[in-house]
There are 2 protein chains.
Amino acid sequence: MSNVKNMSYDPNAPVDPRVETLVNELIGRVADKWTLLVLEELEDHGTCRFTELGRRVPGISQKMLTQTLRAMERDGLLVRTVHPVVPPKVEYCLTDLGHSLGEAFCGVWVWAEANLEKVARARMAFDALA
Amino acid sequence: MSNVKNMSYDPNAPVDPRVETLVNELIGRVADKWTLLVLEELEDHGTCRFTELGRRVPGISQKMLTQTLRAMERDGLLVRTVHPVVPPKVEYCLTDLGHSLGEAFCGVWVWAEANLEKVARARMAFDALA
DNA sequence: AGTGCCTACTTTCTTTTGGAGAGTATAGGG
DNA sequence: CCCTATACTCTCCAAAAGAAAGTAGGCACT
């Protein structure tokens, strides 16, 4: 019952340290700014082309976009479809796994929207006495 | 009704682009590997001292730990308490805001645990044909 | 008195990562 | 014949991160 992780999260359950290590690695991989922002775009907007994503994700460079997309593809979060036409057309689309990650991050977007002002105030308070 | 963001997340609601920019900035700040890992430690383990956190967070350098803790303090996610004793003793403890962020990320931990294997398989498949 | 320890940082130096901008291949249009 | 459009790819430089040693200040031991 508790040797396999299932949907309910019990913080008191003992966790296999190897699993914890792997989870930490995966979190490290997936919890980066660009991955999150790309994920958001693909969630809201569905299938996208490279340049379109570049325009939609604020401030990403082409290099980082390519790199992020490759990493996400490798992790099975999205599929890359190349249409052999000229000029080239490449489409990126979330997999079910990618969608499920998007849903998992949903709480974070909600939190960010809800707590923007609290963070802004905390920063001002902190900076005031520095 | 819809000019202010509240708890329910409606992906079809029009979003003020300024809010969206701020949310993206905040996500960029908060969604970094070290912040997440420190947050996890403080969530599971409660109040911690500097060295203890350093030991518990796999692979963090002292520099990054100091930097991450300062940034989190500035954002109001944790409080730093200095006990004027020798040797020095400094304790870090999540605020309510920090806890709420931890809860928001809860879905991501669950996702990571649940999907470790899928990601591992996706990677092997990807690497196999590279 | 001197040596060393403890903690929470700093500092310095090197390596890694990220961004700006130009280059590449290809076919169709002018 | 050159231009455009697309999805990269490459090069170069700046910024960020890691490793390792240093700092402060009192306390305990010899």
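Here is how names work: the chains are called A, B, and so on, in the same order as the sequence lines, proteins then strands, and each is numbered from 1.
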(message) With no hydrogens and no angle check, just 3.5 Å: does a side-chain donor-acceptor pair link B:Asp32 and B:Thr35?
(response) yes
(request) Could you check which residues of residues 72-95 of chain A get a heavy atom under 4.0 Å from DNA chain C? Sort them by number, please. (result) A:Val86
(request) Indicate if A:Leu97 and A:Val23 have the same hydrophobic cluster label, given that clusters are the connected sets of ILVMFWY residues with side-chain heavy-atom separations under 4.5 angstrom. (result) yes
(message) Please check: side-chain N/O of A:Thr66 versus main-chain N/O of A:Gln62, any donor-acceptor pairing under 3.5 Å?
(response) yes
(request) Classify the angle between the aromatic ring planes of B:Phe105 and A:Phe105 as parallel (below 30°), tilted (30 to 60°) or perpendicular (above 60°). (result) perpendicular
(request) At the 4.0 Å heavy-atom cut-off to chain A, mark where contacts on DNA chain D begin and end, going 5' to 3'. (result) D:dA5 to D:dT9
(request) Check whether any side-chain N or O of B:Asn115 sits under 3.5 Å from a backbone N or O of B:Lys118 as a donor-acceptor pair, and report yes or no. (result) no
(request) Return yes if some donor-acceptor pair links the side-chain N/O of B:Asp16 with the main-chain N/O of B:Arg18 below 3.5 Å, else return no. (result) yes
(request) Using the test salt bridge (Lys or Arg N to Asp or Glu O under 4.0 Å), find all partners of A:Arg80 that sit at least two apart in sequence or belong to another chain. (result) none
(request) Answer yes when B:Glu25 and B:Arg29 have at least one side-chain N-carboxylate O distance shorter than 4.0 Å, and no when they do not. (result) no
(message) With a strict under 4.0 Å distance from non-hydrogen atoms of chain A, what nucleotide opens and what nucleotide closes the contacted stretch of DNA chain C, reading 5' to 3'?
(response) C:dG18 to C:dA27
(message) Check this for me, if you would: do B:Arg74 and A:Asp127 make a salt bridge, where the nitrogen-to-carboxylate-oxygen distance has to be below 4.0 angstrom?
(response) yes
(message) Taking A:Leu77's backbone N and O only, do any of them form a donor-acceptor pair with A:Thr95's side chain (distance below 3.5 Å, no angle check)?
(response) yes
(request) Rounded to 10°, tell me the angle between the two end axes of the helix from C:dA1-D:dT30 to C:dG30-D:dC1, each built from five pairs. (result) 30°
(request) Would you give the length of the straight line joining atom CG of B:Leu53 to atom CG of B:Leu37, rounded to the nearest 0.5 angstrom? (result) 11.0 Å
(message) Treating B:Thr68 as the side-chain partner and B:Met64 as the backbone partner, does any N or O pair qualify as donor plus acceptor under 3.5 Å?
(response) yes
(request) Name every residue in residues 50-65 of chain A that has at least one heavy atom under 4.0 Å from any atom of DNA chain C, in order of residue number, or write none if there are no such residues. (result) A:Ser61, A:Gln62, A:Lys63, A:Met64
(request) Applying side chain to side chain contact (heavy atoms under 4.5 Å, CB included) between B:Leu94 and each of B:Val79, B:Thr47, B:Leu101, B:Leu78, report the one that passes. (result) B:Leu78
(message) Do B:Leu116 and B:Phe126 sit in one hydrophobic cluster, given that two such residues count as connected whenever their side-chain heavy atoms are within less than 4.5 Å of each other, even indirectly?
(response) no
(message) Any carboxylate oxygen within less than 4.0 angstrom of a Lys/Arg side-chain nitrogen, looking at A:Arg123 and B:Asp75?
(response) yes
